[in-house]
Amino acid sequence: MGPLQIKDILQTAPENQSVVVKGWVRTKRESKNAIFIALNDGSTIHNIQAVAEPGQFSAELLLTVTTGSCLKVTGQLIASQGSGQAVEVKITDLEVYGTADPEQYPLQPKRHSLEFLREIAHLRPRTNTFSAILRIRHALAFAVHQYFNEKGFFYLHTPVITASDAEGAGEMFRVTTLDLNNLPRTEEGAINFKEDFFGREANLTVSGQLEGELGAMALSKIYTFGPTFRAENSNTTRHLAEFWMIEPEMAFFELEDNMDLAEDFVKKVITYALVNCKDDLNFLQNRLTEEEKNKPQNERSLPLLEKLAFVVDNPFERLTYTEAIEILLKSKPQKEGKFQFPVTGWGIDLSSEHERYLVEKHFKKPVILTNYPREIKSFYMKLDEDGKTVRAMDVLFPGIGEIIGGSQREENYDKLLGRVHEVGIDPENVWWYLETRKFGTAPHSGFGLGFERLVQFVTGMGNIRDVIPFPRYPKSAEF
Ligand code: ATP
Ligand code: MN
């Protein structure tokens with residue numbers, strides 16, 4: 001089934017056995033006695049070294065072996081003469097599948113800026129940094145499915161196209177087949193969506209939660225893991241217009257259970273990466289350390305692996321929104337006027353600088369904030385007894401801010417309907433959602449984890465655009 005992967009060949013004992021290696025050239029080096037070609041096929045961060053003798057191949061052929069070209073190398077696996085690798089391939093036959101003209105190929109063996117690499121997203125997976133990120137991303141996705149499968153959750157596929165604008169409030173991408181140059185009109189002159197594909201307005205989903213709840217009301221424990229779309233025009237390092245969200249939803253879970261699950265879940269998937277992505281994490285850690293070399297000692301962040309181990313090994317701090325506001329009001333940046341948005345008092349929506357202060361300066365560990373004011377949270381969250389706060393929980397991470405948002409859901413039909421009216425949603429649009437509270441309602445909870453924010457945390461990357469193969473953000477949808 002295809003050639004051996006370089007990852008496996010590098011682990012094989014060298015016995016002069018014949019091997020075939022296929023991959024892309026990272027570097028070629030010629031000395032008096034030998035020609036060294038470093039090949040990589042993306043299966044590992046490590047290259048395999050292939051060695052030829054001078055004169056073994058024509059100068060013409062060797063000229064086409066350049067960084068980025070693709071080769072099939074046949075040879076013997078031998079113990080490496082040089083240091084840096086255990087085995088190498090003594091080339092007997094060399095075939096160039098595809099050349100990469102050095103005058104044109106943009107990825108030369110030197111450090112490229114992340115901004116530049118974003119402009120060549122079709123080629124950046126061939127760099128060490130991005131191949132490492134993509135392998136870690138894969139490992140985390142696998143760990144997510146494994147975790148939920150082992151815990152008795154069912155993977156529910158919620159729709160990508162939705163007609164309910166329950167959460168979006170203007171942040172949705174419209175889906176339509178109407179001719180924009182010739183829109184059908186009603187008698188009153190409004191756009192006649194009855195003529196549209198679905199006979200009504202439709203959008204790309206901003207969350208699978210509402211449908212996820214329907215699943216939980218039958219299967220007890222479900223999760224979704226799919227693409228999510230938000231047309232928020234926020235050019236931040238933590239927002240994408242298209243991102244992947246993981247949303248578990250559990251019948252018979254209260255807020256405490258929800259917090260316990262969220263904490264255990266992120267710790268387990270990060271542990272999976274620590275165990276299974278050692279080489280890639282080490283590579284990224286060295287890269288980050290290199291980047292921070294010029295910073296004064298006290299401004300450098302923890303080495304990546306220490307930061308991850310720290311999150312895995314320590315309990316998250318849990319406190320209420322109200323307690324957090326008290327801490328923020330008394331904080332140094334608040335008193336010295338250092339917050340861009342000063343904390344004016346109970347009821348404000350926390351901004352990322354506030355969240356990061358709590359996590360990075362005050363508690364120095366991940367924080368779970370609970371019981372937010374109802375006014376700043378979604379309609380479906382369960383009201384607390386005092387009627388002022390809701391059973392919400394946000395998990396806040398160092399460097400990231402909010403990584404998870406969740407809640408216990410309002411299971412009382414009348415209270416939920418009241419909230420639907422309050423926030424101005426037409427109950428007709430969510431009649432099916434409301435019916436779960438009419439027929440066999442139950443306490444239930446769930447949360448949403450932005451997958452890219454998790455990948456960002458684990459890889460230590462500063463910009464979310466660099467942890468998804470082809471990022472979508474305002475004015476950018478190439479590739
Ligand atoms: P934020 O306040 O950071 O914009 P949010 O409160 O709008 O996030 P939720 O609606 O609670 O986000 O979504 C659940 C999770 O999805 C968030 O905790 C976050 O991890 C992730 N998320 C939300 N918006 C984005 C986005 N635009 N790009 C990437 N991830 C996102
Ligand atoms: Mn949120």
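One-based numbering, in listed order, for ligands and for the atoms of each.
In terms of polar-atom proximity, L240 is counted as a contact of ligand 1, with an N or O under 3.5 Å from an N or O of the ligand. Looking at G450 next to ligand 1, an N or O pair under 3.5 Å apart turns up. Where the criterion is an N or O separation shorter than 3.5 Å, residue side chain and backbone included, L449 fails it with respect to ligand 1.
Short contacts between ligand 1 and G405, defined as distances under 4.0 Å to a heavy atom of the residue, involve ligand atoms 18 (O). Ligand-side atoms of ligand 1 in range of E232: 24 (N), 26 (C), 27 (N), range being under 4.0 angstrom from any heavy atom. Heavy-atom contacts of I404 reach the following atoms of ligand 1: 18 (O) (cutoff under 4.0 Å).
The heavy atom nearest to atom 9 (P) of ligand 1, considering only R230, K377, E171, Q209, is found in R230.
Ligand 1 has I464 within reach: a non-hydrogen atom of the residue lies less than 4.0 Å from it. Heavy atoms of E402 approach ligand 1 to within less than 4.0 angstrom.
With values rounded to the nearest 0.5 angstrom, F116 atom CZ is found 6.5 Å from L107 atom CG.
One finds a salt bridge joining E317 and K365 here, because a Lys/Arg side-chain nitrogen approaches an Asp/Glu carboxylate oxygen to under 4.0 Å. Note on R287 versus E291: salt bridge recorded, some NZ/NE/NH1/NH2 to OD/OE distance being below 4.0 Å. Using a cutoff of 4.0 Å between basic side-chain nitrogens and carboxylate oxygens, R374 and E422 are scored as salt-bridged.
By the side chain to side chain contact (heavy atoms under 4.5 Å, CB included) test, D179 is found to be paired with N181, N182, residues two or more places apart in sequence or in another chain being considered. For the ring-ring contact (aromatic ring centres under 6.0 Å, His included) test, no residue two or more places apart in sequence or in another chain qualifies with W432.
Taking the six-membered ring wherever Trp is involved, the centroid distance between the rings of Y155 and F148 does not fall below 6.0 Å.
The part of R453 lying near ligand 1 is the side chain, judged by heavy-atom distances below 4.0 Å. The backbone and the side chain of R238 each have at least one atom closer than 4.0 Å to an atom of ligand 1 (non-hydrogen atoms only).
For the 3.5 Å distance criterion, the side chains of Y147 and D264 qualify, holding a donor opposite an acceptor.
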